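These numbers come from a predicted model, not from an experiment. Numbering of ligands and ligand atoms starts at 1, following listing order.
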Amino acid sequence: MNYELTDKQKEIRRSMRNLVPEIQTVAEDNGLETLKQNMVKLAAVNYQSIVLGEDIVGYCLAAEELAKTCPSTFFSSMSTTAAFGLPINKFGTAEQKRKYLEPILSGAGWGALGVTEAQAGSDLSGMTTIAQKTPTGGFVLNGSKSFVTNAPLADAFLFLAWTNQEAGKEKGMTFFLIDRKAKGVQISEATKTMGLRGAPIADLQLIDCAVGPEAVLGKTGDGYGQWTAVEPLLWLSVSLLALGIGVSCMENSTIYAKGRTAFGKPIGYFEGVGAKLAIMFTMVDLGRMITQRAAWGMEHNDTEAAILASCAKLFTSEAVNKIADLAMQIFAGHGYILGSKVERLYRDARIAEIVYGTSEMQRGFIAADSLKKFKTA
Ligand SMILES: Cc1cc2nc3c(=O)[nH]c(=O)nc-3n(C[C@H](O)[C@H](O)[C@H](O)COP(=O)(O)OP(=O)(O)OC[C@H]3O[C@@H](n4cnc5c(N)ncnc54)[C@H](O)[C@@H]3O)c2cc1C
């Protein structure tokens, strides 16, 4: 891997660093309007285009700045760009790209991905949403999706449904693009979450939702293959969320440890606190390296790229929970108070080990790949 950033990548980082003071932290009480304003500001520095572009290391640089500044804005924008937009960018028709991607790139459009169901999270074959073909070539969809990030404001959804359950997941699943206003789309009240409270989520129901053949993404039956093709970028994106939260915990803790005094000196100079700062710094730097290494591999079609993205998600998501815990210990009582920054980061960090492939799933995936590489003794 080339560790030297290109001039373009340095420019991406510089313009994001200039922008982030204008990004407001979204919380449950200032909600959707702030999120919308943030998205327009991000579009002004082409953030959405960077996520969907080919410079994946450049995406890492921009995303780290955003995730550090406002994890909820990062997660919500990731759901629109990477989760909803990337499959369309990779597999959509020219018309689908025009209709769904153009508004996203301008910061005005919102998308959401509906894959998970009440009985199908890690194991997608437990999914029950069905798309029944009609004699005219269209489909009628019925089913429910859980935890759909951005559902309260999305203009359109990308849903995974069975088109031929007997064919199994590899050949029997299809992605459909469905507009929010389509008949038969029902969106629940926003779901309350432990962290990332500025990123709105809700459940969705499709009741006899009729769509034409133009709603299919790519070809019927290609859904699972499309999903596995975009998953590594989602893992990388969750790594970037974890990295950004980790950087924020580390920086805030270091500043606090320099200013807070006890027994006549700043607490950072006590070995017990200094050691925590050192661990945080080391974990952040390792997380950044493995994430950028995976991104570089993805850009260069490295055969290890998907595994590296999985390793990056596994490492950074577990590291950030350790880092947030250390930050809480340094801030002590002042961190534990509801509404403190560290308290929010501690809650925000937890999702990284869960969403888009739990740590257990990543371990299974990495172990299976390792076992394939070696012959038995
Ligand atoms: C805030 C939030 C936002 C989300 N946004 C979206 C979204 O926008 N779109 C979307 O489609 N989904 C979304 N999700 C869903 C998320 O991706 C799932 O929660 C995740 O994939 C895990 O699925 P599950 O919760 O059903 O857990 P389960 O799959 O039921 O897993 C439960 C436990 O069993 C373990 N387990 C399961 N199988 C195995 C195995 N083979 N080996 C070892 N352990 C195993 C898991 O690791 C976990 O610990 C979101 C979730 C949250 C909380």
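If you number the atoms of ligand 1 from 1 as listed, the ones under 4.0 Å from a heavy atom of Thr358 come out as 22 (C), 46 (C), 47 (O). Below 4.0 Å from some heavy atom of Ile351 lie the following atoms of ligand 1, by number and element: 1 (C), 2 (C), 52 (C), 53 (C). Of all atoms in ligand 1, numbered sequentially from 1 with element shown, those under 4.0 Å from a heavy atom of Met361 are 38 (N), 39 (C), 40 (C), 41 (N). If you number the atoms of ligand 1 from 1 as listed, the ones under 4.0 Å from a heavy atom of Leu113 come out as 7 (C), 8 (O), 9 (N), 10 (C), 11 (O). Close contacts of ligand 1 with Glu360, meaning ligand atoms under 4.0 Å from a residue heavy atom, involve 43 (C), 44 (N), 47 (O), 49 (O). Close approach of ligand 1 to Gly121 (heavy-atom distance below 4.0 Å) involves ligand atoms 23 (O), 24 (P), 26 (O), 29 (O).
For ligand 1, the polar-atom distance check against Ser122 finds a nitrogen or oxygen pair separated by under 3.5 Å. Considering both main-chain and side-chain atoms, Val115 comes within under 3.5 Å of ligand 1 through a nitrogen or oxygen pair. For Thr116, a nitrogen or oxygen atom sits less than 3.5 Å from a nitrogen or oxygen atom of ligand 1, counting backbone and side chain alike. In terms of polar-atom proximity, defined here as any N/O pair under 3.5 Å, Thr193 makes no such contact with ligand 1.
Taking the ring axis of Phe270 as reference, the NZ or CZ atom of Lys265 stays within 45° of it and closer than 6.0 Å to the ring centre.
The shell of residues lying under 4.0 angstrom from ligand 1, judged by heavy atoms, excludes Leu196.
Atom 30 (O) of ligand 1 is not flagged as protein-proximal [any protein heavy atom, distance under 4.0 Å]. Counting protein heavy atoms under 4.0 angstrom from atom 4 (C) of ligand 1 gives one or more. Put simply, atom 39 (C) of ligand 1 has protein non-hydrogen atoms near it, under 4.0 Å away.
By the 30° and 60° cut-offs, the orientation of the rings of Phe331 relative to Tyr256 is parallel.
Closest to atom 8 (O) of ligand 1, if we only count protein heavy atoms, is Thr149 N, 3.0 Å. Looking from atom 17 (O) of ligand 1 to the surrounding protein, the closest heavy atom is Tyr356 N, 3.1 Å. For atom 20 (C) of ligand 1, the nearest protein heavy atom (residue, atom name, distance) is Ile354 O, 3.5 Å. From the protein, the heavy atom lying nearest to atom 50 (C) of ligand 1 is Phe147 CB, 3.5 Å.
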Arg363 vs Glu318, salt bridge (charged side-chain N to carboxylate O under 4.0 Å, His left out): CA-CA, chis, key distance, verdict = CA-CA 12 Å; Arg363 280 198 174 83; Glu318 296 196 346; 2.8 Å; yes
Problem - Stepwise ring-ring contact (aromatic ring centres under 6.0 Å, His included) check, Phe159 with Phe175 - result: CA-CA 5 Å; Phe159 283 117; Phe175 269 117; 9.6 Å; no
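The distance from atom OG1 of Thr6 to atom CD1 of Ile12, rounded to the nearest 0.5 Å, is 7.0 Å.
Shown here for Trp110 and Ser76, the closest heavy-atom pair between the two residues is CZ3-OG, 3.2 Å.
A distance-only check finds a donor-acceptor pair linking the side chain of Glu299 to the backbone of Val57 [under 3.5 Å].
Looking at Asp325 and Lys322, no side-chain N of the basic residue comes within less than 4.0 Å of a carboxylate O on the acidic one, giving no salt bridge. A salt bridge links Arg98 and Glu95; the closest N-O separation between the charged side-chain nitrogens and carboxylate oxygens is under 4.0 Å.
When only modelled atom types and interatomic distance are considered, Tyr47 and Thr81 share no side-chain donor-acceptor pair under 3.5 Å. In this model, a donor atom of one side chain and an acceptor atom of the other lie less than 3.5 Å apart for Asn252 and Ser248.
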